[in-house]
Amino acid sequence: MLEIRDLHAAYGRSAALHGVSLSVGPGEVVCLVGRNGVGKTSTLRAVVQELIQVTGGAVLLDGASLAGLPPHQVIRRGIGYVPEDRRVFASLTVAENLRVPVAPARGAAARWTLGAVYGLFPQLREYRGRVAGVMSGGEQQMLSIARSLLTNPRLLLLDEPHEGLAPRVVDEIIAALLALKREGVSMLISEQSVRTIKACADRVYVIDKGVTVYHGTPAEFEANPEVARRYLMVAEQGG
Amino acid sequence: MRPAESSGAVQWRLVVPAVLGALALLATLGQGAALVITDVLIMVLFASSLNLLTSYGGMVSFGHAAYFGLGAYGLALPLAKLGLPLWAGLALGPLAAALGALAIGALCVRLTHIYFAMLTLACSEIVFTILFQAYDYTGGDTGITKFMAPRLGLDPRLYGALVLAIVSACLLLLWKVVRSPIGLAIRAVGEEPHRAAALGYSPRMVQLVAFVIAGTLAGVAGTLFAVYQGNAFPDYAGIGFTIDALVMVVIGGLHSFAGGVYGAVIYTLLKTFVSRYVTEWELVIGLILLAVVLVSPAGVAGGLGRLGHALGRRSA
């Protein structure tokens, strides 16, 4: 479904990605793991062409290149993007936030309706009249995911969906991701915690210094503690 | 933190008394006051049109008077030079503003922030210069005069009532636009353009739509103003009118629908009455602006909102 081949990308003149290759199949949940600043966010941004310039390689959705498309066109081809900092429309209410996404293209099955996302996140229905800016981080994350679902994406990109959230809230988000997985939504999730990987990943890619360096199933990843130590743990002093 | 305006319903309990109050003032205060009230009403529409860009669209235009001026000349030129009937001029004024906003907006929305503001300024200066220099067509700084009787020859009170009706209708339309799906898109792009793009919108396209709506309504105000004065001068498209509108929006309250209304009422009345007694009336305006920015950055609308909250809490 999504295929990234030897992707190079840069912010202006400073290069961020030097060779990222990965793929996400239909209905598959793929985790992209790595330390802070190694290119997880940049990889997702390069797919939706936001804030970053692709300088080499290819991003293909169902075999068609996304190169040169403006972000809103990438979204309209069926990719949903939930950014790291959530970025709900703070002055709009929850219900208004959910009215913003463009309706899916004609002929496309609208699996995700307002009722469906309220079913996934019942809190949002409860708080629908509330201004989004005053909600908790977890509620904003749910709103951000719900908002993206309403574009009815075939592939959802999630950038560290649990960052800065309380453990109880993380459980709720993971439960929602599992529900999405059961619905057959393909996902590419950038992640630092092993918890999500265990809970819902089909495959894992490890990225380091802008290059994908490892690829395997969660079981293989767990059976190979050397990889986690090298690329996930905080670097040793002087190392 | 921006104040919430979640309720989509028109607040008739505010609108009806305001409209009836303006009508009562028009009926009772005499012709001189009617002229001032009409001036205020036209500025209410002009400032509110700019407010759509600043408060909802996240765009600060330094050239909004261009569309006010195009509205005036769109009426005056066809009547004076082509001898077209009045109704055609009344339609062509806002149309000229809309087309001008479409052409200029398409250029300006390619940039953001200060660069956007500078482009709008440059474009409005071009409009001003054309009106000022194309002497054979526009009469240059002598403007276009005597093409129609000021106020359609109506009694000032009657023309005031007509302007009140048109401005009220335009503001209701603007309110509906802000609450509509395209209005939501305008607010979303104004707040987080990248996120709006990630939900399938082209931020530039949404901004252009907002720019054309704002320009068209400014054009309606300009046309009403040209009818009111019975003339059209290049100044109507000049930086002075732009700054007036910006000051009105800031005094009235950024991020509030009523900001343009409050600001236009306060600013126009101050300009009219303070200037009768104090030659340095701009100094007074300057001090007020200073006080607003320092004391209540959300302007009069924000201050009133906070006052209402405080009173509500006390009585509860």
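Atom set for the values below is all heavy atoms of this structure, side chains included, hydrogens, waters and symmetry mates excluded.
Interface residue V100(A): backbone and side-chain heavy atoms are both found under 4.5 Å from chain B. There is no contact between V82(A) and chain B, counting heavy-atom distances below 4.5 Å. For P70(A), no part lies near chain B; criterion is any non-hydrogen pair under 4.5 Å.
The residues D159(A) and R45(A) are annotated as not salt-bridged, no charged nitrogen and carboxylate oxygen being separated by less than 4.0 angstrom. In this structure, D62(A) does not pair ionically with R77(A), as no charged nitrogen and carboxylate oxygen lie closer than 4.0 Å. Using a 4.0 Å cut-off between charged side-chain N and carboxylate O, E191(A) and K40(A) make no salt bridge.
Of the residues considered (N97(A), V74(A), I75(A), V48(A)), I75(A) shows the highest number of contacts with chain B, using heavy-atom pairs under 4.5 Å.
For the side chain to side chain contact (heavy atoms under 4.5 Å, CB included) criterion with I189(A), the lone passing option out of L32(A), L177(A), V30(A) is L177(A).
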